[in-house]
Amino acid sequence: MSKLLSRRQAPDKSGRTQHITPASAQWQYVGFECFSLPAGKDLERNSGDRELCLVLVGGRASVQAGEQEWLDIGERAGPFDGTAPYAVYVPPGCDYRITAESDLELAVCSAPASGLYPARLIRPQDCERSERGTGTNRRLICNILFGNMDAESLLVVEVITPNGNWSSYPPHKHDTDDAPRETHLEETYYHRLSPPQGFAFQRVYTDDRSLDETMAVEDGDVVMVPRGYHPVGAPHGYDLYYLNVMAGPTREWIFHNDPAHEWMLD
């Protein structure tokens with residue numbers, strides 16, 4: 001199996017199904033975890049030296065971060081409901097607790113930070129939703145923690161790719177620290193499929209093909225993109241959701257298209 005692919009695991013004692021750290025991914029910035037919490041279960045932690053974006057992928061929860069508390073938030077049952085999620089920004093050095101008010105799918109996105117911004121709630125109306133592409137390149141974008149919200153390192157966005165369509169396409173990359181031409185951002189893709197028995201394909205490759213891997217991803221899998229282009233295809237019959245987490249030395253998404261495929265944008 002590819003070292004870039006993390007299969008969904010059965011929930012451990014804490015409910016965790018995915019655990020990506022900078023050390024396990026062999027990079028510097030992005031961390032990602034996913035939890036499947038039954039109603040009534042608590043998750044208590046400290047953010048350490050990282051800022052977090054807690055995304056309620058599906059279900060309801062009460063969240064306490066430091067002295068702030070938000071009770072019974074969350075409106076959607078899952079990521080294919082057609083609405084934006086609730087999320088909570090947690091600064092570094094902060095004790096936080098999540099209580100599942102219903103069965104809860106929780107994503108914990110993280111990156112290094114120094115503590116410039118306070119804890120805050122991100123409501124569905126705070127997210128930026130848009131449609132990108134045409135034909136079989138159409139996908140639906142929801143910026144959760146992007147240009148719409150301040151953070152030190154984190155960029156968090158979710159995408160719905162309708163069945164039969166392509167996404168992150170034409171292939172693009174953001175692995176060179178050369179603003180304003182391109183920025184260096186590590187990235188994770190947390191994949192969900194509807195119906196859940198489906199699959200999708202993701203390729204990660206560089207110009208010189210020193211990295212060139214194509215992975216069949218299933219419901220709950222994570223793909224890590226340390227560098228290179230990273231297009232995604234959703235087969236007929238299976239809608240694809242993914243949650244992207246990006247971070248790097250500059251909190252700016254400037255990408256570079258693969259020149260071989262840029263013609264289709266003309």
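Computed over heavy atoms, backbone and side chain alike; hydrogens, waters and symmetry mates excluded. Here the structure is a predicted model, which means the values were calculated and not measured.
- Legend: residues meeting side-chain contact (heavy atoms from CB on, under 4.5 Å) with K41, ordered by chain and number and at least two apart, are L37, P38.
- When only modelled atom types and interatomic distance are considered, D258 and Y205 share a side-chain donor-acceptor pair under 3.5 Å.
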Q9 and H19: CA distance, side-chain angles, deciding distance, side chain to side chain donor-acceptor pair (under 3.5 Å) verdict: CA-CA 9 Å; Q9 302 297 310; H19 187 205; over 6 Å; no
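- Atom CZ of F199 sits in a sparse spot, with 12 or fewer heavy atoms from other residues, nucleotides or ligands closer than 6.0 Å.
- Residues C127 and I122 have side chains in contact (heavy-atom distance under 4.5 Å, counting atoms from C-beta outward).
- For the pairing with Y242, the ring pair (Phe, Tyr, Trp, His ring centres under 6.0 Å) check across F80, Y190, Y189 returns one residue only, Y189.
- Contact of the V108 side chain with the I98 side chain is not registered, since no non-hydrogen atoms from C-beta on lie closer than 4.5 Å.
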Go through it in stages, so that I can follow the logic: the residues are E218 and Q197, the test is side chain to side chain contact (heavy atoms under 4.5 Å, CB included), and I'd like the CA-CA distance, side-chain angles, deciding distance and then a yes or no. CA-CA 7 Å; E218 298 180 339; Q197 71 270 26; over 6 Å; no
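- Q18 and S6 share a side-chain donor-acceptor pair at under 3.5 Å.
- A side-chain donor-acceptor contact under 3.5 Å links E51 to the backbone of S153.
- Residues D150 and R120 have side chains in contact (heavy-atom distance under 4.5 Å, counting atoms from C-beta outward).
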Side chain to side chain contact (heavy atoms under 4.5 Å, CB included), that's the test. Do I144 and V157 meet it? Break it down for me. CA-CA 5 Å; I144 301 168; V157 59; over 6 Å; no
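- For L243 against C109, the heavy-atom pair with the smallest separation is CD2-SG, 4.2 Å.
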Name the atoms and distances for all side-chain donor-acceptor pairs under 3.5 Å in residues 25-32, with sequence neighbours left out.
residue: W27; atom: NE1; partner: V30; partner atom: O; Å: 2.9

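- Of the possible polar contacts, one joining the D103 side chain to the A39 backbone as a donor-acceptor pair under 3.5 Å is found.
- Nearest heavy-atom pair, E152 versus A113, reported as atom, atom and distance to 0.1 Å: OE2-CB, 3.4 Å.
- A donor-acceptor pair under 3.5 Å is absent between the side-chain atoms of D95 and the main chain of N46, judged by distance alone.
- At least one side-chain heavy atom of M264 sits under 4.5 Å from a side-chain heavy atom of P170.
- Under the rule for a side chain to side chain donor-acceptor pair (under 3.5 Å), the partners of R192 that lie at least two apart in sequence or sit in another chain are E105, D219.
- Within the 3.5 Å criterion, the main-chain N or O of L121 finds no donor-acceptor partner in the side chain of R123.
- Between the side chains of D81 and T83, not a single donor N or O lies within less than 3.5 Å of an accepting N or O.
- Looking at S14 and F35, their side chains come closer than 4.5 Å, going by heavy atoms from C-beta outward.
- A distance-only check finds no donor-acceptor pair linking the side chain of T183 to the backbone of D177 [under 3.5 Å].
- In this structure, L240 and A234 approach most closely via the heavy-atom pair CB-CB, 3.9 Å.
- P85 approaches E158 most closely through the heavy-atom pair CD-OE2, 3.2 Å.
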Check the pair T161, D239 against side chain to side chain contact (heavy atoms under 4.5 Å, CB included), reporting the backbone distance first and the verdict last. CA-CA 6 Å; T161 306; D239 292 333; over 6 Å; no
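- Residue L104 comes nearest to A61 through the heavy atom pair CD2-CB, 3.8 Å, listed as atom of the first residue, atom of the second, then distance.
- A salt bridge between D221 and R7 is present, with a side-chain N of the basic residue lying under 4.0 Å from a carboxylate O of the acidic one.
- Between F201 and V232 the shortest side-chain heavy-atom distance does not fall below 4.5 Å.
- Looking at F146 and W253, their side chains come closer than 4.5 Å, going by heavy atoms from C-beta outward.
- Looking only at side-chain heavy atoms (C-beta outward), D126 and P124 stay at 4.5 Å or farther from each other.
- A salt bridge does not link R227 with E186: none of the charged nitrogens is closer than 4.0 Å to a carboxylate oxygen.
- Less than 6.0 angstrom separates the ring centroid of H230 from the ring centroid of H174.
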Check the pair E101, S62 against side chain to side chain donor-acceptor pair (under 3.5 Å), reporting the backbone distance first and the verdict last. CA-CA 7 Å; E101 303 292 353; S62 294; 2.6 Å; yes
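- For D178 and T176, the side-chain atoms include no donor-acceptor pair closer than 3.5 Å.
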Start with the C-alpha distance between L4 and M215, add both sets of side-chain angles, then the distance that settles side chain to side chain contact (heavy atoms under 4.5 Å, CB included), and finish with yes or no. CA-CA 9 Å; L4 303 182; M215 291 151 279; 3.9 Å; yes
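- Atom CD of Q125 sits in a crowded spot, with more than 12 heavy atoms from other residues, nucleotides or ligands closer than 6.0 Å.
- A donor-acceptor pair shorter than 3.5 Å cannot be found between the side chains of T136 and N165.
- Across all their heavy atoms, C142 and R129 have their closest contact at SG-CG, 3.9 Å.
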